[in-house]
A.B. asks: 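Quick one: this structure, given as structure tokens, is what I'll be asking you about.
These numbers were taken from a predicted model, which means no experiment stands behind them.
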Amino acid sequence: MEIYRKGKTGLKAQQFPLELYAEHFDQALASPNLAVNGPVSNPTIQHPLNLRLGDAIWLKGYNLDKTTVKPGETLPLTLYWQATQSMAKNYLVFVQIIDLKDAHKAGQRDGQPNCGADPTTFWLPGDMIADRYTVPIEPNALSGDYTILVGMYTGDQRLAVHTADGQAQGNQIELTKVHVN
């Protein structure tokens, strides 16, 4: 690896042996915060799924780094979507941290995939999209167990969810439980 400054100073390029620094770089600087958003190939998916939303979108799975969170913190979540055909509409994604018993929400994030950087009308058939969310947990969230719900919608119409063999699952997906304490 060569690191140098181009300019009027006339500095000589210095060489740093990669083998002495590569491990430090990988451990200290590479993190989920530097992970690629948008189209990816062969991602490592912690929790694989295979659920169809509407006619052309599949939720292939998700990554979740933690299942316990405090009020006022954030919950990082990565969803992996795949398109089977081009889309004419831009769908919004909803992620809710909700108590299904009483519909109390501890947190929510809605928006286009990757903060609008990867609208569904840009997706190509076969694309796998890494879609990252940082869901804020309400500062006054009650302690307890909540469910992470996800889905897609446009206007007031949510996309129907189906299993790979076509069984209807409603219009939202229950990913897993998280605990707020």
Side-chain angles (χ1 to χ4, degrees), residues 32 35 37-40 42-85 87 89-120 123 126-181:
N37 291 329
V40 295
N42 300 321
T44 300
I45 300 175
Q46 291 174 339
H47 307 280
L49 298 170
N50 199 25
L51 298 168
R52 179 173 47 86
L53 289 83
D55 295 326
I57 301 170
W58 289 81
L59 179 59
K60 302 306 278 183
Y62 66 97
N63 290 354
L64 182 66
D65 293 336
K66 59 184 177 179
T67 57
T68 300
V69 65
K70 294 180 184 331
E73 291 184 343
T74 59
L75 183 70
L77 171 70
T78 303
L79 302 172
Y80 291 94
W81 305 103
Q82 188 168 44
T84 57
Q85 63 189 41
M87 285 165 264
K89 293 183 181 179
N90 280 324
Y91 293 101
L92 299 172
V93 176
F94 66 88
V95 178
Q96 299 176 351
I97 312 299
I98 190 167
D99 184 339
L100 294 177
K101 291 179 231 135
D102 62 9
H104 174 76
K105 287 183 193 171
Q108 180 168 344
R109 176 76 72 199
D110 287 35
Q112 288 186 359
N114 288 313
C115 297
D118 291 306
T120 55
W123 295 2
D127 276 356
M128 177 79 73
I129 306 295
D131 184 19
R132 293 179 188 2
Y133 292 89
T134 303
V135 184
I137 304 302
E138 297 291 333
N140 61 350
L142 302 175
S143 180
D145 292 324
Y146 293 82
T147 301
I148 301 175
L149 290 183
V150 300
M152 285 190 166
Y153 65 97
T154 182
D156 62 354
Q157 182 69 40
R158 285 185 176 183
L159 291 178
V161 178
H162 293 85
T163 61
D165 62 2
Q167 294 180 30
Q169 300 293 302
N171 62 8
Q172 60 193 19
I173 300 163
E174 296 180 23
L175 292 185
T176 191
K177 299 276 189 199
V178 295
H179 184 74
V180 175
N181 66 0

A.B. asks: When you measure from the side chain of D127 to the backbone N and O of I129, does any donor-acceptor pair fall under 3.5 Å?
C.D. replies: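 Side chain of D127 to backbone of I129: no pair is present.
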A.B. asks: First locate atom CD1 of I57, then atom CD of Q85, and finally report the distance between them rounded to the nearest 0.5 Å.
C.D. replies: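 That separation rounds to 9.5 Å.
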A.B. asks: Please determine which of V93, L64, I173 meets the side-chain contact (heavy atoms from CB on, under 4.5 Å) test together with L79.
C.D. replies: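 The side-chain contact (heavy atoms from CB on, under 4.5 Å) with L79 is passed solely by V93 among V93, L64, I173.
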A.B. asks: Please name all residues satisfying side-chain contact (heavy atoms from CB on, under 4.5 Å) with P119, sequence neighbours left out, ordered by chain then number.
C.D. replies: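 If we apply the side-chain contact (heavy atoms from CB on, under 4.5 Å) test to P119, skipping adjacent residues, the hits are N90, Q112, T121, F122.
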A.B. asks: To the nearest 0.5 Å, tell me how far Q46 CD sits from T176 OG1.
C.D. replies: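 One gets 11.0 Å once the value is rounded to the nearest 0.5 Å.
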A.B. asks: Of the non-hydrogen atoms in G54 and L159, which two are nearest, and what is the gap between them?
C.D. replies: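 Looking at all heavy atoms of both residues, the shortest contact is N-CB, 3.8 Å.
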A.B. asks: For a side-chain contact (heavy atoms from CB on, under 4.5 Å) with V95, tell me which candidate from D131, L175, L77 qualifies.
C.D. replies: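 Among D131, L175, L77, the one that satisfies the side-chain contact (heavy atoms from CB on, under 4.5 Å) with V95 is L77.
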A.B. asks: Going from OH on Y91 to CH2 on W123, what distance comes out if it is rounded to the nearest 0.5 angstrom?
C.D. replies: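 Output value for this atom pair is 10.5 Å.
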A.B. asks: Please check: side-chain N/O of R132 versus main-chain N/O of P76, any donor-acceptor pairing under 3.5 Å?
C.D. replies: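 No: the side chain of R132 does not pair with the backbone of P76.
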A.B. asks: Between OG1 of T134 and CG of L75, what distance do you get to the nearest 0.5 Å?
C.D. replies: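 Those atoms lie 8.5 Å apart.
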A.B. asks: Kindly write out the residues that satisfy side chain to side chain donor-acceptor pair (under 3.5 Å) with Y62, not counting sequence neighbours, or none if the list is empty.
C.D. replies: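 Partners of Y62 under the side chain to side chain donor-acceptor pair (under 3.5 Å) test: none.
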A.B. asks: Going by side chain to side chain donor-acceptor pair (under 3.5 Å), name the residues that satisfy it together with D99, two or more places apart in sequence or in a different chain.
C.D. replies: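 For D99 there are no side chain to side chain donor-acceptor pair (under 3.5 Å) partners, ignoring immediate neighbours.
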A.B. asks: Once side-chain hydrogen bond (donor to acceptor under 3.5 Å, both in side chains) is applied, what residue pairs with a partner in residues 47-56 remain, sequence neighbours excluded?
C.D. replies: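 Residue pairs with at least one partner in residues 47-56: N50-K60.
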A.B. asks: side-chain contact (heavy atoms from CB on, under 4.5 Å) with T163: which residues, sequence neighbours excluded?
C.D. replies: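 Expected list: L51, D165, Q167, Q169.
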A.B. asks: Between D110 and Y153, is there a side-chain donor-acceptor contact under 3.5 Å, judged purely by atom types and distance?
C.D. replies: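 Short answer, yes.
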A.B. asks: How would you list, by chain and number, every residue that makes a side chain to side chain donor-acceptor pair (under 3.5 Å) with K105, sequence neighbours excluded?
C.D. replies: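 Scan of K105 (side chain to side chain donor-acceptor pair (under 3.5 Å), adjacent residues dropped) gives Q108.
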A.B. asks: State the CG-CD1 distance between N63 and I45, to the nearest 0.5 angstrom.
C.D. replies: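 Nearest 0.5 Å value for the CG-CD1 distance: 7.0 Å.
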A.B. asks: Which donor-acceptor pairs under 3.5 Å do the side chains of residues 138-150 make with protein atoms, sequence neighbours left out?
C.D. replies:
{"unit_1": "S143", "atom_1": "OG", "unit_2": "V180", "atom_2": "O", "d": "3.1"}
{"unit_1": "D145", "atom_1": "OD1", "unit_2": "H179", "atom_2": "ND1", "d": "2.7"}
{"unit_1": "Y146", "atom_1": "OH", "unit_2": "L142", "atom_2": "O", "d": "2.7"}
{"unit_1": "T147", "atom_1": "OG1", "unit_2": "K177", "atom_2": "NZ", "d": "2.9"}

A.B. asks: Residues in side chain to side chain donor-acceptor pair (under 3.5 Å) with E73, at least two apart?
C.D. replies: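 Testing E73 for side chain to side chain donor-acceptor pair (under 3.5 Å), a comparison that skips the adjacent residues, returns none.
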A.B. asks: For atom NZ of K66, decide whether the heavy atoms of other residues, nucleotides or ligands shown that lie under 6.0 angstrom number more than 12.
C.D. replies: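 Buried by this count: over 12 neighbours within 6.0 Å.
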A.B. asks: Quick check for you: to the nearest 0.5 Å, what is the distance between M152 atom CE and F94 atom CZ?
C.D. replies: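 Going from CE on M152 over to CZ on F94, the span is 10.0 Å.
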